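Just follow the structure's listing: the first ligand is 1, and inside any ligand the first atom is 1. Here the structure is a predicted model, which means the values were calculated and not measured. One-based numbering along the sequence shown.
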Amino acid sequence: MSIEVVGKPMDRVDGRLKVTGAAHYSAEFPMENLVHAVLIGSSITRGTITSIDTSVAQKSPGVIAIFTHLNAPKLKEMPLMTKGGAAAEVRIPLVDGNIYHHGQYIGVVVADTLERAIHAASLVSVAYDEQPFVTEMQRERAVMPKGAVGFRPADIARGNLEQGLAEAEVRVEETYTTPTENHNPIETHATTAVWSGDKLTVYDATQNTFGERKTLAIAFGIPEENVRVVCHFIGGAFGCKGGMWSHVPLAALAARSVGRPVKLVLTRQQMFTNVGHRAETEQQIILGAKRDGRLTAIAHKGISHSCEDAVGEFVEAFTIATHILYATPNLQTSQRVVKVNKGQPTFMRAPGEAPGTFALESAMDELAYKLNLDPIELRLRNYAETDPDTKLPWSSKSLKECYQLGAEKFGWSRRNPTPRSMRDGRYLIGMGMATATYPVYRFGASAVAKIMLDGSVVVQSGTHEMGTGTATVMAQVIADVLGVPVERVRFELGDTNLPNAPVSGASATVASVGSAVAGATKAARAKVLDIARADKRSPLYNIPETEIAFEDGQIFVKSDKVKSESYADILKRQNLNQVEANFDVKFDEENKKYSMHSFGAQFAEVRVDLDLGEVRVRRFVGAFGTGRVLNLKTARSQMIGGITMGLGMALFEETVTDHKFGRIVNPNLGEYHVPVNADVPAIEAYFVEEKDPHVNALGAKGVGEIGITGVAAAVANAVYHATGKRIRDLPITPDKLL
Ligand code: MOS
């Protein structure tokens with residue numbers, strides 16, 4: 001009998017805590033003497049502050065302190081994520097009176113209540129010397145990025161593009177654009193900072209506890225061990241909580257200066273200005289193909305916006321996926337950035353792949369029509385059996401199976417390929433598909449496992465619960481290693497007092513932390529087993545390890561199950577309170593022998609009302625190959641969430657800037673449309689069976705990000721099929737169809 005719980009669609013271990021309100025988010029740690037901070041944002045887009053008058057605000061009831069660049073203690077330069085830190089921007093907050101974008105923080109008001117702080121902030125009057133600015137992504141201002149483009153150079157070529165295009169019999173050459181988008185987790189960024197002497201504790205909504213600890217230590221010039229970052233739950237993040245934005249050190253600065261704990265929660269409006277966003281892109285794709293559909297060349301070039309150098313740089317790496325998706329011998333990619341007066345862009349769910357697959361997978365659909373080929377067949381004719389860039393074998397790839405399963409579940413064969421040929425009453429019906437893909441990333445991580453005297457188990461690693469189900473999946477892994485019921489297992493996370501964990505980004509948590517957790521648990525199990533095997537009183541005495549199995553909380557001899565005892569029996573006999581083991585996992589990313597990626601296939605059915613230009617997604621099916629699925633329920637939820645966010649990208653989401661004033665005009669959930677229930681059909685997400693012995697000890701690839709990739713293209717392709725209109729500019733709003 002196997003009691004394996006890995007793979008089971010287990011409910012979340014923290015579900016009850018969440019629905020009863022017992023789960024504490026970063027703004028929910030009650031504490032004595034707590035005061036509230038609010039941030040003042042610049043009302044201009046570029047220039048310098050000529051004066052700040054805080055005298056009226058200072059006298060406002062409840063005000064404790066006001067910090068501006070004139071009086072704030074100076075913070076030290078903080079290391080960026082690319083330099084082992086967590087700082088998202090290079091600019092030190094409140095360092096001077098220079099303004100680089102609208103909403104940039106120019107002051108912090110601390111008061112005894114939130115309302116009094118908000119009111120006082122409104123009384124601060126600021127005079128500026130305004131200077132000209134640019135918020136439009138003007139192509140002619142494009143420059144070479146200073147840093148890497150998704151860890152790679154900005155220009156990459158394989159084969160010979162010109163020759164490949166010369167060999168082509170059919171060509172698609174189009175430009176695709178995607179807008180600025182903002183992360184809108186339910187929980188806005190929130191920081192509660194508490195000092196005790198020169199020791200700082202920060203309760204912060206972060207995907208990067210250890211990166212933040214290091215960065216804050218440097219900012220305040222104190223030893224790393226003097227900083228503790230706690231984050232038990234995150235109410236969604238999608239990448240905006242991966243780097244540390246300036247409100248975090250500002251909260252800590254305010255707390256140290258006023259000598260009281262400070263709570264600072266961003267407003268929904270502030271979520272749009274200073275904590276990153278997905279950059280706008282303009283992408284040109286050229287596909288060259290033979291009549292039979294074989295690609296002779298792919299060119300993928302374009303621009304995205306970034307911020308002024310004084311703030312930092314972020315490149316939306318939309319060309320990465322193009323390198324590995326199809327087996328063309330000739331390829332060229334190139335990216336440039338346009339520096340504008342906006343806050344710094346950042347990672348947002350499948351950064352690069354989400355907009356990149358919109359362009360590439362739309363272009364593939366256009367090519368399929370030109371060739372009169374089924375879009376799946378076109379993709380199969382260009383199927384990459386090995387990584388076309390590195391020529392390495394895949395660690396595993398099930399994309400063919402994904403196309404097949406997705407098509408079958410979706411009913412692709414019912415599709416009449418002719419555009420505008422399918423109707424339902426007055427509606428045009430369209431079916432479209434696209435490929436999904438995301439790399440497998442893995443980072444070093446550590447864990448400690450403790451088997452307790454009562455037979456319960458505690459495993460710890462300072463990783464994060466973003467809502468993805470990390471704690472649940474880890475509990476399943478631990479339970480299976482030990483052969484104990486999952487109820488006896490507790491996984492603790494979200495605290496830098498626990499073993500080191502990497503940023504929870506790049507869909508890498510299960511691969512990274514999961515490997516450390518499995519390693520530590522196996523090591524603790526081995527210790528207990530060694531104790532038993534060395535003890536004459538144990539039924540396991542001298543039994544070879546290979547003869548021993550673990551199930552139902554018992555350790556027993558495979559051939560003679562009567563010879564068994566529990567972890568508790570062994571510890572009791574030795575008078576041990578607990579047996580513990582540490583484990584650090586490292587991955588050799590330099591010398592990988594395999595190319596590691598997840599793949600999937602996305603299928604959309606839309607209904608278009610051409611009188612109104614309205615697109616409704618009626619059905620959506622995704623099929624994915626992501627290695628071993630550790631928890632069918634939480635993994636499926638990730639796919640449904642990713643696809644839902646992809647529907648937002650396809651149809652609704654767009655951060656709109658008024659270029660005359662350089663301000664965002666829709667920084668709220670009323671006017672920045674994320675999909676709501678009424679917009680989302682029944683989404684079906686399937687996993688194909690995929691065994692991958694190479695990615696990590698668990699055989700699991702990440703599931704957080706692949707779900708959003710390809711979705712916008714699948715929808716756009718379905719819209720074309722329904723209407724005969726190709727929309728190459730996201731989101732597909734009614735005005736573009738009329
Ligand atoms: Mo993800 S955009 O790496 O949090």
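- Within the 4.5 Å cutoff, side-chain heavy atoms of Glu705 are placed close to those of Pro351.
- For Thr206, the side chain to side chain donor-acceptor pair (under 3.5 Å) test picks out Glu212, with sequence neighbours left out.
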Report every pair formed by an N or O atom of ligand 1 and a protein N or O atom separated by less than 3.5 Å, giving atom names and the distance to 0.1 Å.
from     : atom 1 : to     : atom 2 : distance (Å)
ligand 1 : 3 (O)  : Ala506 : N      : 2.6
ligand 1 : 4 (O)  : Gln207 : NE2    : 2.8
ligand 1 : 4 (O)  : Gly239 : N      : 3.3

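- At least one side-chain heavy atom of Gln638 sits under 4.5 Å from a side-chain heavy atom of Thr468.
- Between Leu216 and Pro249 there is a side-chain heavy-atom pair separated by less than 4.5 Å.
- Qualifying ring-ring contact (aromatic ring centres under 6.0 Å, His included) partners for Phe443, counting only residues two or more places apart in sequence or in other chains: none.
- Applying the salt bridge (Lys or Arg N to Asp or Glu O under 4.0 Å) test to residues at least two apart or on different chains, the pairs with a partner in residues 236-245 are Glu187-Lys241.
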